[in-house]
Amino acid sequence: MTGTSVAPGPTPLGRQAARGGAVTMGGQLLRVAVQAVSLVVLARLLEPEAFGYLAMVMALVGVAETVRDAGLANAAIQARTLSDAERDNLFWLNTVVGAVLTGVGIACAPLVAAFYGRPELADVTRWVSLSFLVNSLATQHRASLVRGLRLGAAAVADVVGPAAGLCAAVVVALAGGGYWALVVQQLVAASVMSAGLVLAARWVPGLPRRDVSVRPFVRYGSNLLGAQLLGYATRNIDTVILGVRFGAGVAGLYSRVYQLMALPIRQVTWPANRVALPVLSRVQDDAARYRAYLLAGQTVLLHTIVPALALASALAGPVVEIVLGARWAAAAPALAVLAIGGVLEAAGFAPGWVLQSAGRTGALLRFTLATRPVVVLAVAGGSWFGMTGAALGYAASTAVVWPLGLWWVGRVAGAPARALFGNGVRAFVSHGAAAACAALVVRLLPDGGPWLAVAVGVAVWGAVLAADLDEARELAARLWAA
């Protein structure tokens, strides 16, 4: 890849990463708040079937949202150098892919409806497909912001877009629009977010140039795309199977608790990935700094996600009643099991950082090809026993895939697999034990309502963990001084 290198500024990289992470996390907390409000409000305005319709459509055509990126955003972020002409060509390539996928989604809408036996899903599929083109227009603008660690501007767009989508969805739901509220939410959020990213990046793509090759970016992106597609399939196979086997009602219940489980994972790993990939890519030739940043990033990630998921598992019944409402109570056992699987899924992000930052996306694809069938088979087999069975299949498969991932990155990339494993086990044991104590105390309480149960559970969890704050202080000091 040719072009002008992006040189680090005068700020030490560790401090720059810490500041970028803090800005991104602050924006992400606001985004989490918007999504939490969306879960709470829309669950009370719409029936489970409405969420089931959108989940069933997205499980099939939502794969296009992964394809339209084509792995080119991460390719641009990871590259040591990136010229203006290369960036322009990547923009046009992403745009063409997005336009094609929108056309394919519209053309395949009748097939989606026929697959589920629900004619109304054809129009839902057509309108949702428009978001693929809208999002593709801002793919390289987002990559430009992340590459330059201009994460504050990206964070603003990522908050304003979902907030606008939620407002539009509430208006449509109150007007009796049913599942159309969720379709409008998707389109408005994508449009506002993309517009914000384009304005924040402050660059206008030039015309594509045939004399400038982007083959190295495409090679990197194609391997990453293959891994992402397989990951997408395994994350959505449960919704597809439950929708076909049990209908939109069960699919809607499952999709809501899955989203509730995934909320802390997606909202923490997303900003973490934004910081980890450019930072690790810059220090990949300095083994000591690379190891320090990798382990520090994994520790922050785990001690942010694991407590939330451990408590969600321990207090699944009260959490579902508070967030979604009493009519969703049947999905609580599935949430309890999904949260355990989510803990192990979160632990698997660090190996992905290693392979992407080192440009080893071929190794990532091979590992994904070898392990994703395990997840699919486990979820498909478990789904015979309904929502909770599908959740058990997901949790069991992640328990197998996580240690395999550590072994693989240690073997092909020389990553500190043993240290990564130790970080994970410490987080699991400490937060898991505290959450188990919380669950036991709550179970012994007289019924005082879900709010009391959650308050007592959180208090017990905090009391068990209160003794040890030294690790967090040491981690912050190491990252700041790096």
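A314 and A435 get closest at one heavy-atom pair: CB-O, 3.4 Å. Across all non-hydrogen atoms, the minimal contact from A138 to V198 is CB-CG2, 4.2 Å. The two residues V320 and L335 make their nearest non-hydrogen contact at CG2-CD2, 3.5 Å. Across A122 and A109, no two heavy atoms sit closer than the pair O-CB, 3.3 Å. Looking at every heavy atom in both residues, A427 comes nearest to L302 through CB-CB, 4.0 Å. Taking each heavy atom of S129 and I106 in turn, the nearest pair found is OG-N, 3.8 Å.
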Kindly indicate, with the supporting measurements, whether the criterion side-chain contact (heavy atoms from CB on, under 4.5 Å) is fulfilled by Y53 and V183.
CA-CA 10 Å; Y53 289 152; V183 176; over 6 Å; no
CA sep, side-chain torsions, deciding dist, call: L301, Q298, side-chain contact (heavy atoms from CB on, under 4.5 Å)
CA-CA 5 Å; L301 182 73; Q298 186 209 26; 5.5 Å; no
Which is it for W328 and F51 under the ring-ring contact (aromatic ring centres under 6.0 Å, His included) test, yes or no, and what are the steps along the way?
CA-CA 12 Å; W328 298 78; F51 297 99; 5.8 Å; yes
Which is it for H303 and H431 under the side-chain contact (heavy atoms from CB on, under 4.5 Å) test, yes or no, and what are the steps along the way?
CA-CA 8 Å; H303 286 282; H431 294 293; 3.1 Å; yes
One pair to check against side-chain contact (heavy atoms from CB on, under 4.5 Å): F132 and V104. What are the steps and the verdict?
CA-CA 10 Å; F132 307 147; V104 171; over 6 Å; no
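E345 and Y394 share a side-chain donor-acceptor pair at under 3.5 Å. Under 3.5 Å, the side chains of T299 and N423 contain a donor-acceptor pair of N or O atoms. Inspection of the T95 and Q140 side chains reveals no N or O donor paired with an N or O acceptor under 3.5 Å.
Going from atom CG of L338 over to atom OG1 of T388 covers 8.5 Å, rounded to the nearest 0.5 Å. Atom-to-atom distance recorded for L93:CG and D88:CG is 12.5 Å, nearest 0.5 angstrom. Once rounded to the nearest 0.5 Å, the distance linking CG of L309 with OG1 of T304 reads 11.0 Å. Expressed to the nearest 0.5 Å, how far CG of D158 lies from CG of L197 amounts to 6.0 Å.
Side chains of L54 and Q185 form no contact here, defined as non-hydrogen atoms less than 4.5 Å apart. Contact of the L166 side chain with the V188 side chain is not registered, since no non-hydrogen atoms from C-beta on lie closer than 4.5 Å. Side chains of V124 and E120 form no contact here, defined as non-hydrogen atoms less than 4.5 Å apart. Considering only heavy atoms from C-beta on, P205 comes within 4.5 Å of H141 through its side chain. When side chains are defined from C-beta on, L187 counts as touching W127, because their heavy atoms get closer than 4.5 Å. No side-chain heavy atom of S194 sits under 4.5 Å from any side-chain heavy atom of L137. Using a 4.5 Å cut-off on side-chain heavy atoms (C-beta onward), M193 and V160 make no contact. With contacts defined as side-chain heavy-atom distances shorter than 4.5 Å, the pair L420/L294 qualifies.
A donor-acceptor pair under 3.5 Å links the side-chain atoms of W92 to the main chain of G206, judged by distance alone. Proximity of a side-chain donor or acceptor of T102 to a complementary backbone N or O of L133 within less than 3.5 Å is detected.
Checked against S397 for a side chain to side chain contact (heavy atoms under 4.5 Å, CB included), the options L344, T371, L392, V375 give a single hit: V375.
Ring pair W203/F91 is perpendicular by interplanar angle, where above 60° counts as perpendicular and below 30° as parallel.
For F428 and W402, the ring centers are positioned less than 6.0 Å apart.
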